[in-house]
Amino acid sequence: MPELPEIEVTRLGLTPRLVGRNVDRVTARVHALRYPLPSALARKLGGQRLLAIRRRGKYLLFDFGTGHLLVHLGMSGSLRLVEKGQPATKHDHLDIGFDNEVLRLRDPRRFGAALWIEGDPMSHSLLAHLGAEPLERRFDAAALARALRDRRTAIKPALMDASIVVGVGNIYASESLHRAGIDPRLPAGRVTPARLAKLVRAIKSTLRNAIRAGGSSLRDFVACDGALGDFQTRHRVYGRAGEPCRTCGTTIKMLRQGNRTTYYCPRCQR
DNA sequence: ATGTGACCCTGGATGC
DNA sequence: TGCATCCAGGGTCACA
């Protein structure tokens, strides 16, 4: 589901509405998502002021000063801000109340996570080994080349490897490779420096444009105000097998890489 | 070490 | 308005 743009759209939407406010109530309706929910979360969060919402890769970090609530949306998760009293539906697993509003975590497939972290969250085992943040300046062609050196796996699954670069999932890996004109099957370590430079620019611009468009809404993703993203209407290859390439008109093809579907244009991507 | 594939779970689409 | 099958924005784990 959500990749970096969708997580960032969520963060940007929640920040002005929640930061500086105090938690007054917490309701958990399931015992566990991917991991057991934090025990006694109501006691940990009750009365705490939310200081900031940060993002690392596809993880959101809600900073409460005494600790961080880490949230991952898995494949099907969303975080919405709803009015207090709005009845929960089937897959609404966790509510964090702020006065008259409730931050509600919904996740039908339950691949997501909510954890309580005390101490430095970046040292947590889920975050410590993550790779580069693609929108940071230091993620450049040289950094990507170092991370991909001698890698024989194909470039597309390599882009989805969070120990190399975070936040690029199945949609944006295909989209970025199309924008860079790179065949998704090329061995990662054999892509030339010039083409890696183009790929880095493509990743950054694709992610930034997707954030600006409110993310991609395919099945489950909505922003915190319920708004649908618009970037899916601008996908150049993802989900477009059999349709003409928007650059050259060639029929978009799909293939299977590591149990995920890759979309590409056989003419534009070499 | 690196590279694969199975698996976690639910729901929607499709085909019979 | 059934039922079986396949597929889906992610990540972890066991195994070659």
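Just so it is clear: chains get the letters A, B, ... in the order the sequence lines come, proteins before strands, and each one is counted from 1. Treat the numbers as computed from the prediction; the structure is a model and nothing was measured.
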*Asks:* Using a 5.5 Å cut-off between ring centres and planes within 30 degrees, is A:F111 stacked on the base of B:dC8?
*Replies:*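 One would call A:F111 stacked on the B:dC8 base.
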*Asks:* Donor-acceptor pair under 3.5 Å: do we get one between A:R260's side chain and the base of C:dA8?
*Replies:*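 Per atom types, no contact qualifies.
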*Asks:* Of all the heavy-atom pairs spanning A:G229 and A:S217, show the shortest one and how long it is.
*Replies:*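 Distance-wise, the nearest heavy atoms are N-OG, 2.7 Å.
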*Asks:* Can you identify which nucleotide, out of B:dG3, C:dA8, C:dG11, has its nearest atom closest to the A:Y263 side chain?
*Replies:*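 When the side chain of A:Y263 is considered, C:dA8 is the closest of B:dG3, C:dA8, C:dG11.
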*Asks:* Picking from A:D107, A:L33, A:L79, what satisfies side-chain contact (heavy atoms from CB on, under 4.5 Å) with A:L73?
*Replies:*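 That would be A:L79; it is the only one of A:D107, A:L33, A:L79 passing the side-chain contact (heavy atoms from CB on, under 4.5 Å) with A:L73.
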*Asks:* Is the distance from OP1 or OP2 of B:dT10 to the nearest side-chain N or O of A:R110 less than 4.0 Å?
*Replies:*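 Yes.
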*Asks:* Is the distance from OP1 or OP2 of B:dG11 to the nearest side-chain N or O of A:H91 less than 4.0 Å?
*Replies:*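 For B:dG11, OP1 or OP2 has a side-chain N or O of A:H91 closer than 4.0 Å.
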*Asks:* My understanding is that a pair needs two contacts under 3.5 Å, Watson-Crick or G-U wobble. By that rule, which nucleotide pairs with B:dC9?
*Replies:*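 Its partner is none (no Watson-Crick or G-U wobble pair with both distances under 3.5 Å).
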*Asks:* Figure out the CG/P separation between A:D161 and B:dG5, and round it to whole Å.
*Replies:*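 Rounding to the nearest Å, CG of A:D161 and P of B:dG5 are 16 Å apart.
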*Asks:* Find the distance A:R109:CZ to B:dT10:P and express it as a whole number of Å.
*Replies:*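 My rounded result for the distance is 10 Å.
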*Asks:* For atom P, what is the distance between C:dC7 and B:dG5, given to the nearest Å?
*Replies:*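 Pairwise P distance, C:dC7 against B:dG5, rounds to 15 Å.
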*Asks:* Do A:Q48 and A:T66 make a side-chain contact, defined as non-hydrogen atoms from C-beta onward lying under 4.5 Å apart?
*Replies:*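 They are in side-chain contact.
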*Asks:* Less than 6.0 Å separating the ring centroids of A:H235 and A:F231?
*Replies:*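 Yes: the rings meet the under 6.0 Å criterion.
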*Asks:* Please classify the nucleic acid contact of A:Y35 as base, sugar-phosphate, or nothing, using heavy-atom distances under 4.0 Å.
*Replies:*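 Touches sugar-phosphate only.
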*Asks:* Does the side chain of A:S76 get closer than 4.0 angstrom to OP1 or OP2 of C:dA8 through an N or O atom?
*Replies:*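 For C:dA8, neither OP1 nor OP2 has a side-chain N or O of A:S76 closer than 4.0 Å.
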*Asks:* Hey, does the side chain of A:K90 come within less than 4.0 Å of B:dG11's phosphate (OP1/OP2), counting only N and O?
*Replies:*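 Yes.
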*Asks:* Indicate, with a heavy-atom threshold strictly under 4.0 Å, whether A:N259 touches base, sugar-phosphate, or nothing.
*Replies:*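 Contact class for A:N259: base.
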*Asks:* Look at the side-chain N and O atoms of A:H72 and state whether any lies under 4.0 Å from the OP1 or OP2 oxygen of C:dG11.
*Replies:*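 Checking A:H72 against C:dG11: at least one side-chain N or O falls below 4.0 Å of OP1 or OP2.
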*Asks:* Need one value for A:Y172: base, sugar-phosphate or nothing, where a base atom within 4.0 Å counts as base even if backbone is also close, heavy atoms only.
*Replies:*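 Nothing, no heavy atom under 4.0 Å.
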*Asks:* Assess, by modelled atom type and distance only, whether the side chains of A:E175 and A:T206 contain a donor and an acceptor separated by less than 3.5 Å.
*Replies:*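 No, no side-chain donor-acceptor pair sits under 3.5 Å.
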